[in-house]
Each structure stands twice: as structure tokens, then as C-alpha cells.
Number of protein chains: 2
Amino acid sequence: MARAATTADAFNAVAEPRRREILDALTQGERPVNELVDLLGLAQPHVSRHLRVLREVGAVVVRDEGRQRLYRLNPQALKPIHDWVASYQHLWEERFDLLEDVLEDLKEEH
Amino acid sequence: MARAATTADAFNAVAEPRRREILDALTQGERPVNELVDLLGLAQPHVSRHLRVLREVGAVVVRDEGRQRLYRLNPQALKPIHDWVASYQHLWEERFDLLEDVLEDLKEEH
DNA sequence: CCAATGCATATCCATATGGGTATATAATCG
DNA sequence: CGATTATATACCCATATGGATATGCATTGG
């Protein structure tokens with residue numbers, strides 16, 4: 001078995017930096033493909049394929065407008081990722097709490 | 001160019017479900033390889049290689065203990081992922097508000 | 001010191017990637 | 001209707017994946 005398809009889930013889709021760039025660009029609002037091509041400095045077919053992947057995992061939705069296709073962000077698709085990492089957040093934040101506790105103790109000793 | 005290496009960054013490393021399982025298991029604390037093998041039901045060489053990937057992106061750290069190697073979670077490595085998705089969080093939380101606005105508009109048009 | 005235990009590494013294979021380039025399709029303009 | 005614009009798809013290629021299996025290398029126990 002090879003590596004999971006990039007379209008397998010949001011985790012795989014978003015592992016590609018260019019696709020994150022596309023999503024980042026779409027936070028500003030709906031955009032046609034050509035605008036993304038300019039923004040990313042990638043070849044058009046390449047952008048189209050990245051968009052396909054993002055569409056397949058539900059991270060973006062398309063809308064036809066004349067001969068353009070407007071892509072829009074669908075942020076919900078990223079929620080599973082957020083939920084997963086969020087469960088680790090307290091683990092790296094604990095260090096600060098510990099530090100604070102120590103500082104608190106030091107202050108009280110004064 | 002092929003897909004980015006799984007060891008390229010935390011995003012790629014964590015795109016593999018088995019590796020997320022390993023990290024999840026390590027939230028309970030340090031574990032030797034064999035324990036992870038049992039927990040995941042994977043072949044030992046396979047687990048070792050997943051651990052290598054996780055080590056290379058800094059998501060875990062190893063410690064030698066006799067003839068065992070104890071792996072420990074290094075949650076900080078996941079922070080970049082958290083930071084990235086977190087910037088999208090308000091977008092999916094806003095949707096409900098937007099939906100309400102649209103419904104409100106539709107009602108008024110009647 | 002030799003056998004056993006615990007891991008890591010090497011090799012083989014099928015697969016899908018992302019890049020490039022060429023081409024197909026759809027819509028609009030003159 | 002033909003030409004142009006905007007996208008999508010089809011190929012070709014090099015690469016690295018994840019699974020399987022075999023083997024190498026330490027450390028420990030008898």
C-alpha cells in the first residue's frame with residue numbers, strides 16, 4: 001500500500017503547503033482560479049488540481065459565474081484537524097502554567 | 001517532483017492516521033516500542049518507521065532504557081498545526097451567524 | 001559466553017504524488 | 001459563427017510512500 005491519497009481527508013489535503021496557501025488566500029473571500037494562479041505563482045493546471053483536492057475533502061466549494069469558477073472556503077472541513085490538535089494544546093501550555101506557579105511561589109516567599 | 005516527504009514537517013507527518021494513533025497513545029506517557037506495537041496492532045518494523053518519522057519532525061523524543069527505547073511525546077511540535085487551523089476557527093463559528101442573517105433577509109423580502 | 005529479547009534498518013513492490021506540458025471544454029465577444 | 005478567455009483533464013516522469021519480510025545490532029539473562 002502506498003501513502004494515503006491526498007484526497008483521503010483534510011489532514012492529507014492540507015499537508016501540502018500550496019493548498020494551505022490557497023485556503024489562506026480564500027479567507028479573504030471568494031476567488032476565481034486565475035486570481036489564485038497569480039497569487040500563488042503556480043501554473044494554472046496545477047492550481048486547478050490543488051483545488052480539486054480541496055474540493056474533494058470539502059475544504060472549498062465552487063460556484064459558476066459566467067466562464068469563471070469562483071472558489072469559496074468551507075472552513076468546517078478543517079474542524080477535525082482543529083479538534084485533534086486542540087486536545088494536545090494543554091500539553092504544551094502546561095509548561096507555562098508550571099512556570100507561572102513557580103513564579104507565584106517565588107513572589108509569595110518574598 | 002513527488003509529494004513532500006512525510007518528514008518534511010509536522011503537517012505531513014501527522015497526515016498518516018497510524019502516526020496520529022501513536023501520538024494519541026503517547027499522551028498517556030512514555031512507552032516502549034513493543035507496547036505501541038501491541039496497541040496499534042502493527043508489525044514492529046512498521047511502528048519503528050513511523051516513530052522515526054515522528055522523531056524527525058520532533059513530535060517524539062527517545063530515551064534508552066536498557067534494551068528498550070522509550071518514546072515520549074513532544075507536543076510543542078504540533079503547535080504550528082494548531083496555530084494554522086486556529087486562525088480558521090472563527091470562520092466556521094461565524095457561519096451560524098451568517099446563516100441567521102440570510103434567513104433574516106429572506107423573511108424581510110416576503 | 002551464547003541465546004533471547006527489543007528495536008532499527010534494508011529491500012521489494014504497488015501506488016499516487018506534484019510538476020510540466022498539451023489539449024479538451026465551456027462561455028463570451030465581435 | 002469563429003476567436004478568445006477561463007478552467008479542467010490527460011499524460012509523462014521521478015520520487016517516496018507504507019506494507020511485508022528478512023536481517024543487523026545491542027542489551028540482558030542463564
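The figures that follow rest on heavy atoms only: side chains count, while hydrogens, waters and symmetry mates do not.
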Problem - Distance, rounded to the nearest Å, where A:Glu56 contributes CD and C:dT17 contributes C1' - result: 14 Å
Return the polar atom pairs (N/O with N/O) between nucleotides 14-17 of chain D and the protein under 3.5 Å, or none.
from: D:dT17; atom 1: OP1; to: B:Thr6; atom 2: N; distance (Å): 3.3
from: D:dT17; atom 1: OP1; to: B:Thr6; atom 2: OG1; distance (Å): 3.3

Exercise for the section: Take the protein atom CZ of A:Arg67 and the nucleotide atom P of D:dA6, then report the distance between them rounded to whole Å. Expected result: 6 Å
Problem - Distance in angstrom units between B:Asp38 CG and C:dT5 C1', rounded - result: 14 Å
Problem - d(CG, B:Asp64; P, D:dT28) in whole Å - result: 10 Å
Exercise for the section: State yes or no: do A:Leu23 and A:Val57 share one hydrophobic cluster built from I, L, V, M, F, W and Y residues joined by side-chain heavy-atom distances below 4.5 Å, directly or via other members? Expected result: no
Nucleotide N/O to protein N/O under 3.5 Å, stretch nucleotides 8-10 of chain D:
from: D:dA8; atom 1: OP1; to: A:Arg69; atom 2: NH1; distance (Å): 3.1
from: D:dA8; atom 1: OP1; to: A:Tyr71; atom 2: OH; distance (Å): 2.5
from: D:dA8; atom 1: OP2; to: A:Ser48; atom 2: OG; distance (Å): 2.7
from: D:dA8; atom 1: N7; to: A:Gln44; atom 2: NE2; distance (Å): 2.7
from: D:dA8; atom 1: N6; to: A:Gln44; atom 2: OE1; distance (Å): 3.3

Problem - Expected output: side-chain A:Tyr88 to main-chain B:Asp24 donor-acceptor under 3.5 Å - result: yes
Completion exercise
Whole-Å distance, B:Gln68 CD to C:dA8 C1', equals 15 Å
Problem - Linked, directly or transitively: B:Val14 and B:Leu26 (ILVMFWY side chains, under 4.5 Å) - result: yes
Practice task
Return the value, rounded to whole Å, for the distance between atom CZ of A:Arg63 and atom P of C:dA27.
Solution key: 15 Å
Practice task
Kindly say if A:Asn34 contacts the phosphate of D:dT5, meaning a side-chain N or O under 4.0 Å from OP1 or OP2.
Solution key: no
Problem - 5' priority, DNA chain C, between A:Leu42 and A:Gly66 [closest heavy atom] - result: A:Leu42
Problem - Criterion side-chain contact (heavy atoms from CB on, under 4.5 Å) on A:Arg3 and B:Asn12, from CA distance to verdict - result: CA-CA 11 Å; A:Arg3 209 203 296 202; B:Asn12 279 282; 3.8 Å; yes
Exercise for the section: Indicate, with yes or no, if A:Val53 and A:Leu42 share a hydrophobic cluster defined by side-chain heavy-atom contacts under 4.5 Å among Ile, Leu, Val, Met, Phe, Trp and Tyr. Expected result: no
Handout entry: Flag, side chain of B:Arg31 to backbone of B:Leu36, donor-acceptor distance under 3.5 Å
Key = no
Handout entry: Closest approach of A:Phe11 to B:Ala15 (non-hydrogen atoms, all atoms of both residues)
Key = O-CB, 3.9 Å
Exercise for the section: Please report, rounded to the nearest Å, how far the C1' atom of D:dG18 is from the CZ atom of A:Phe11. Expected result: 19 Å
Exercise for the section: Report yes or no: do A:Leu70 and A:Leu40 belong to one cluster of Ile/Leu/Val/Met/Phe/Trp/Tyr joined by side chain heavy-atom distances under 4.5 Å? Expected result: no
Practice task
Starting at atom CG of B:Leu40, determine the distance to atom P of D:dG18, rounded to an integer number of angstrom.
Solution key: 14 Å
Practice task
Indicate, with yes or no, if B:Leu91 and B:Trp84 share a hydrophobic cluster defined by side-chain heavy-atom contacts under 4.5 Å among Ile, Leu, Val, Met, Phe, Trp and Tyr.
Solution key: yes
